[in-house]
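Here the structure is laid out as structure tokens; the discussion comes afterwards.
Residue numbers begin at 1 in each chain, while the letters A, B, ... track the order of the sequences.
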2 protein chains.
Amino acid sequence: MNSEEEVNDFVKNGHQQYLPHLSIDSVIFGYHDQQLKILLLKWIGLDGWGLPGGFIRRREPLSQAAHRILQERTSLEDLFLQQFHVFGDSPYRLQERSAREFTEKYGLVVGDDNWLFERTLSIGYFALVDYSKVSVRTDFFTTDYRWWDVSDIPPLLFDQNEVVEKALATLRLQIYHQPIGLNLLPEKFTLAEIHSLYETVLGKELDQRNFAKKLVSLGLIKKLAEQRAIGPHRSPYLYQFEKEAYEDALKQGIVHTY
Amino acid sequence: MNSEEEVNDFVKNGHQQYLPHLSIDSVIFGYHDQQLKILLLKWIGLDGWGLPGGFIRRREPLSQAAHRILQERTSLEDLFLQQFHVFGDSPYRLQERSAREFTEKYGLVVGDDNWLFERTLSIGYFALVDYSKVSVRTDFFTTDYRWWDVSDIPPLLFDQNEVVEKALATLRLQIYHQPIGLNLLPEKFTLAEIHSLYETVLGKELDQRNFAKKLVSLGLIKKLAEQRAIGPHRSPYLYQFEKEAYEDALKQGIVHTY
DNA sequence: TTGTATTCCGTAAATTTTACGGAATACTTT
DNA sequence: AAAGTATTCCGTAAAATTTACGGAATACAA
């Protein structure tokens with residue numbers, strides 16, 4: 001959505017194509033080189049940063065909408081995307097405050113009754129990707145983007161700081177239960193790679209040997225016969241996710257026996 | 001909503017009061033006497049059973065809407081109600097198939113463009129209550145209700161069987177993490193009471209002594225000095241939930257250290 | 001040949017979870 | 001009053017899991 005014509009059509013007629021009152025907010029965790037970051041977009045006019053998001057087409061399954069929105073923004077497909085909460089306790093979470101402000105900021109003439117000004121509940125999704133491989137697409141409303149360190153998130157639009165916090169909590173809670181990381185690591189990876197991913201996401205150190213034992217005993221990864229030559233003195237064994245275990249996990253999560 | 005006038009107004013003008021395209025479905029688990037049941041309503045006209053639910057008022061916080069809907073239906077207030085998933089992958093989850101069928105069934109004349117016929121996503125909530133203490137209120141659309149055993153749920157409207165399954169899975173997963181049961185047991189309860197509650201919900205036997213040790217060591221319950229006289233040979237000690245631990249749990253869940 | 005960086009294990013201790021039975025109490029019945 | 005019965009109340013030993021921790025072997029570089 002970049003040309004003025006497209007934007008105009010979206011603002012004026014979007015309610016015909018999309019479900020009103022509902023949006024999807026995506027918390028895209030980007031991991032690379034021992035750093036966990038979140039993708040934020042800068043909205044023109046507003047001085048704030050916000051989460052990438054979008055609307056659900058009227059006849060589009062919800063999860064498909066979440067994938068489409070993420071794909072449009074990052075070009076990433078087939079990600080593990082997880083719905084984690086609906087935010088709707090701030091009933092006045094409006095996209096803008098008034099038609100006049102909107103006109104001033106974007107130069108688009110709209111009525112006070114425009115669909116974008118109505119109350120919007122937001123469905124939160126999160127994903128974990130390798131941010132060095134993502135090329136972010138901006139658009140008319142969001143001309144800039146940046147990956148922010150999770151420990152240093154700026155004040156966000158609306159209640160989105162709460163959204164990010166809840167996403168992070170859910171990510172950490174589920175990292176041993178859901179195939180988070182499947183889209184992140186290469187198909188074959190070393191212990192060191194997955195180990196530092198987990199350390200970074202959880203924000204704490206994990207004993208290497210015990211970590212490997214645990215993941216193998218949970219059946220999530222298996223050791224391959226191959227080694228990778230990555231330099232002098234370095235040819236660690238490769239590991240791979242256990243496909244079946246992951247598919248089970250995708251369906252039902254890994255259930256604990258209490 | 002019982003009088004014809006009220007119903008008419010709801011059907012014709014509900015979209016002015018409520019957010020369209022969104023509903024709340026409540027899975028109300030009822031426990032009593034070692035049995036775990038679910039409250040289902042029988043819809044007139046349709047031959048199916050369905051979950052109690054409702055709509056969100058245009059300026060009403062989401063969680064407040066969930067409480068209101070439950071309260072209107074059961075008279076229960078201040079419950080622990082937990083949002084667990086948004087269902088929106090069946091894009092054609094319509095309330096009815098057509099205006100004509102609607103008119104035939106309910107004797108109300110409506111247009112094909114009525115708000116009730118539009119696509120509706122549903123936000124699932126669940127609660128756990130003592131079903132012997134609930135007096136269910138029916139209305140124009142739902143003239144009958146029944147508590148069904150969880151192992152014997154009939155085919156439900158739309159995709160609601162999936163909703164129930166997911167609610168049950170979430171309930172079991174969270175029973176040691178969230179203050180489920182807080183609204184269920186009396187303020188002071190015996191070990192036998194909470195023990196059989198957990199056994200019933202989880203659908204398996206739990207060793208009494210270990211169970212008590214675990215709940216106490218988790219800090220969820222504490223033993224009181226009082227005993228309860230419930231009959232010959234019977235005056236077990238009473239236990240109580242640890243208020244602070246529960247409040248923490250309410251806020252963030254009880255987090256495991258992996 | 002020596003030195004250095006890197007990978008690869010395995011075991012002992014601590015903790016947690018599980019399994020399991022018998023003693024004491026208080027009332028009821030005879 | 002005594003014996004019987006139903007109920008509550010522990011505690012410990014074994015098993016499983018989790019945690020802590022260091023040294024030997026390898027492969028290249030100097």
Side-chain angles (χ1 to χ4, degrees), chain A residues 33-34 172-177 185-186 188-199 201-240 242 245 249 253-258, chain B residues 33-34 172-177 185-186 188-199 201-240 242 245 254-258:
Chain A
D33 196 20
Q34 310 258 51
R172 288 178 172 158
L173 212 58
Q174 302 208 345
I175 196 168
Y176 289 116
H177 300 234
L185 297 170
K188 296 170 182 179
F189 47 85
T190 66
L191 273 186
E193 287 173 331
I194 193 171
H195 178 238
S196 70
L197 164 63
Y198 273 64
E199 281 194 336
V201 168
L202 295 175
K204 66 180 180 193
E205 293 194 355
L206 301 168
D207 183 275
Q208 293 165 329
R209 282 163 296 185
N210 295 335
F211 175 77
K213 266 186 283 181
K214 176 169 207 165
L215 258 62
V216 172
S217 80
L218 282 174
L220 286 186
I221 64 173
K222 71 177 170 205
K223 186 177 181 176
L224 302 175
E226 302 172 62
Q227 290 169 286
R228 187 201 288 167
I230 49 174
H233 321 290
R234 306 188 65 182
S235 38
Y237 281 99
L238 290 174
Y239 286 74
Q240 198 171 31
E242 290 266 21
I254 295 156
V255 180
H256 277 222
T257 56
Y258 290 94
Chain B
D33 197 20
Q34 311 258 51
R172 287 178 172 160
L173 211 58
Q174 302 209 343
I175 196 169
Y176 289 116
H177 300 234
L185 297 171
K188 298 170 182 179
F189 47 85
T190 66
L191 273 186
E193 286 173 331
I194 194 172
H195 177 239
S196 71
L197 164 63
Y198 273 64
E199 280 194 337
V201 168
L202 295 175
K204 66 180 179 192
E205 293 196 354
L206 302 168
D207 182 275
Q208 291 163 330
R209 282 163 295 185
N210 295 335
F211 175 77
K213 267 185 283 184
K214 175 170 208 162
L215 258 61
V216 171
S217 79
L218 281 174
L220 286 185
I221 63 173
K222 70 177 170 205
K223 188 177 181 175
L224 302 175
E226 302 171 63
Q227 290 169 287
R228 187 200 287 166
I230 48 175
H233 321 290
R234 308 188 64 183
S235 38
Y237 281 99
L238 290 173
Y239 286 74
Q240 198 170 30
E242 290 265 24
I254 294 156
V255 180
H256 276 224
T257 57
Y258 291 94

Leu215(A) CG - dT18(D) P separation (whole Å) = 12 Å

Which heavy-atom pair separates Ser235(B) from Gln227(B) by the least distance, and what is that distance?
-> O-NE2, 3.0 Å

How long is the line joining CD of Glu193(A) and P of dT7(C), in whole Å?
-> 11 Å

Considering only nitrogen or oxygen atoms on both sides, find all protein atoms under 3.5 Å from nucleotides 25-30 of chain D and state each distance.
{"residue": "dA27(D)", "atom": "N3", "partner": "His233(A)", "partner atom": "ND1", "Å": "3.0"}

Take the protein atom NE2 of His195(A) and the nucleotide atom P of dC8(C), then report the distance between them rounded to whole Å.
-> 13 Å

Rounded off to whole Å, could you give me the NZ-to-C1' distance for the Lys214(A) and dT16(C) pair?
-> 13 Å

Give a yes or no on whether the backbone of Leu206(A) and the side-chain of His195(A) come within a donor-acceptor separation of less than 3.5 Å.
-> yes

Main-chain N/O of Leu238(B) paired with Glu226(B) side-chain donor or acceptor, under 3.5 Å = no

Please assess Leu191(B) against Leu215(B) for the test side-chain contact (heavy atoms from CB on, under 4.5 Å), listing each intermediate value before the final yes or no.
-> CA-CA 10 Å; Leu191(B) 273 186; Leu215(B) 258 61; over 6 Å; no

Taking Tyr239(B) for the side chain and Val216(B) for the main chain, is one N or O donor matched with an acceptor at less than 3.5 Å?
-> no

Name the pairs: protein N/O against N/O of nucleotides 9-14 of chain C, kept only if under 3.5 Å.
{"residue": "dC9(C)", "atom": "OP2", "partner": "Lys223(A)", "partner atom": "NZ", "Å": "2.3"}
{"residue": "dT11(C)", "atom": "O4", "partner": "Lys213(A)", "partner atom": "NZ", "Å": "3.1"}

Go through Leu220(B) and Tyr176(B) one step at a time and tell me if the side-chain contact (heavy atoms from CB on, under 4.5 Å) criterion holds.
-> CA-CA 9 Å; Leu220(B) 286 185; Tyr176(B) 289 116; 5.5 Å; no

Nearest nucleotide by nearest heavy atom, which residue falls closer to the 5' end of DNA chain D, Leu238(B) or Ser217(A)?
-> Leu238(B)

Let me know the distance between CD of Gln227(B) and C1' of dA26(C), rounded to the nearest Å.
-> 11 Å

Take atom CG of Leu224(B) and atom P of dC9(D), then tell me their distance rounded to the nearest Å.
-> 12 Å

Above 12 or not: heavy atoms from other molecules or residues under 6.0 Å from CD of Gln208(A)?
-> no

Could you check Lys214(B) against Asn210(B) for side-chain contact (heavy atoms from CB on, under 4.5 Å), going step by step and ending with a plain yes or no?
-> CA-CA 6 Å; Lys214(B) 175 170 208 162; Asn210(B) 295 335; over 6 Å; no

